[in-house]
2 protein chains.
Amino acid sequence: MGKQITEMLKGTLEGIVLALLTGKPAYGYEITTLLRDQGFTDIAEGTVYALLVRIEQKGLVDVEKRPSEKGPPRKVYSLNTQGTQELEEFWRTWSFLAERIEQLHSTDRIEGEK
Amino acid sequence: MGKQITEMLKGTLEGIVLALLTGKPAYGYEITTLLRDQGFTDIAEGTVYALLVRIEQKGLVDVEKRPSEKGPPRKVYSLNTQGTQELEEFWRTWSFLAERIEQLHSTDRIEGEK
DNA sequence: TACTGGTACATAGTATCGCTGAGTAGTGAA
DNA sequence: TTCACTACTCAGCGATACTATGTACCAGTA
C-alpha cells in the first residue's frame, strides 16, 4: 500500500482504536489482531502499544491487569467518559475532513471525464 | 477544531492540494486562500509553501514563474503525469481508509443506540 | 513623505505520530 | 530443548504540519 497510508494513519489510528474499544474492552495484542483482521495488515505491534500508552496518559481509557491463560498478564483497556468524548470529537473532525475530500474526489472525476 | 485535525491532515493535505491542481494550475497564495474558502481556515501559509516545495522536489508538479499585477512574481504549479499518478494512488489509499473508518462509525452508532 | 494593508514567497525550529528493530517473558507442543 | 504463539516494552528514526518570523512588491491615503 506504500507510504501514503502511514502518514494518513496519523491522527486517525487513535480514533480507530478508540472506536474499537467502544462497548468492549480489549488488550493490546487483541487490538493488534483486530486491526489486522480489518485490513490494516501492516500496522506494527510497537505502534499499537505506543498508542495505548499515549491514550492512557491522556486519561482516555481505564486499565485493568488480568492474568492470561497463555503468556504474560494482559493489560485490558476500556473507554472511559473522557475517552468517549474524545471519540465523539474524532468523529466530528473526521466527518469534516471526509466531506471535503469526497467533494474534491467527485469534482476530480467530473474534470477527468471532460 | 482542535489539534485532531492537524494530525489528520498529515498525509491527506498533499492529496488535497494535488486534487485542487487537477486541471487548473495555481500558485501558492491562491492555493492557501482556496483551502481557507473550503473550510480549512487554520492552515498556515508556511505549511502550504513547504508542501509545494516538497511536491516540486518529488517531481509531481511543473512550475512556471509569472509576474503579478500586485506584489512579487507568482510560482504557478501544474500537475504533471507523475503527479496525476500520485493523486490516483492517493484516492485508492484514501478510499481504503475511509471505507474501514465509516464501517467503524456505523457499528459505533448501533452500539450507542443499545 | 510615511504608513498601512494586501499580495506573494521562504525558512528555521518544534512537536506529534507511526515505523523499524530489538528485547523480555510466559506457556504449551514437537 | 527447541519452536511457536502469546503479550508487552523501548530506543531511535523519518515524515509532516505548525509557529513565528522575515523579505519584498505595490496601492492607497493622511
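Quick caveat: nothing in here was measured; it's all calculated off a predicted structure. Every chain is numbered from 1 and lettered A, B, ... according to where its sequence line falls, protein lines coming before strand lines.
Using a 4.0 Å cut-off, some side-chain N or O of B:K75 falls inside it from OP1 or OP2 of C:dA10. Neither OP1 nor OP2 of D:dA15 sits under 4.0 Å from any side-chain N or O of B:R54. Side-chain nitrogen and oxygen atoms of A:K3 include none within less than 4.0 Å of the OP1 or OP2 phosphate oxygen of D:dG14.
Toward the 5′ end of DNA chain C lies the nearest nucleotide of A:T12, the other residue of the pair A:T12 and A:K70 mapping further downstream. Nearer the 5' end of DNA chain C, as judged by each residue's closest nucleotide, is the contact made by A:L9, out of A:G71 and A:L9. If you find the closest nucleotide of DNA chain D to A:Y27 and to A:E7, the one lying nearer the 5' end belongs to A:Y27.
For the pair B:R92 and B:F96, the cation-pi test (distance below 6.0 Å, angle within 45°) is failed.
The A:T6 side chain lies nearest to C:dC19 when the options are D:dT16, D:dT6, C:dC19. When distances are taken from the side chain of A:A44 to each of C:dT7, C:dT20, D:dA7, the shortest belongs to C:dT20. Listed candidates were D:dT19, C:dA8, D:dT6. Nearest to the side chain of B:T47 is D:dT19. Of the candidates C:dT7, D:dA17, C:dT11, C:dT11 carries the atom nearest the B:Y49 side chain, counting heavy atoms from C-beta on.
Taking atom CD of B:Q4 as the reference point, atom P of C:dC17 lies 10 Å away to the nearest angstrom.
Looking only at distances, a side-chain donor or acceptor of A:Q4 sits under 3.5 Å from a matching main-chain atom of B:F90.
If you check every strand for non-hydrogen atoms under 4.0 Å, A:E69 touches sugar and phosphate atoms only. Looking at heavy-atom distances under 4.0 Å, B:E45 makes contact with a base. Residue contacts shown for A:L13 are limited to sugar-phosphate atoms, with no base heavy atom under 4.0 Å away. Using a 4.0 Å heavy-atom criterion, one finds that B:G46 contacts the bases of the nucleic acid, with or without backbone contacts as well. Nucleic acid contact for B:G28: sugar-phosphate only, since backbone atoms but no base atoms lie under 4.0 Å from a heavy atom of the residue.
Residue-to-nucleotide contacts include a donor-acceptor pair under 3.5 Å from the side chain of A:K10 to the base of D:dA15.
For the side-chain contact (heavy atoms from CB on, under 4.5 Å) with A:E14, the qualifying choice from A:L9, A:I55, A:L87 is A:I55, the only one to do so.
A:V53 and A:L18 fall into different hydrophobic clusters, defined by Ile, Leu, Val, Met, Phe, Trp and Tyr side-chain heavy atoms under 4.5 Å apart, directly or through other members.
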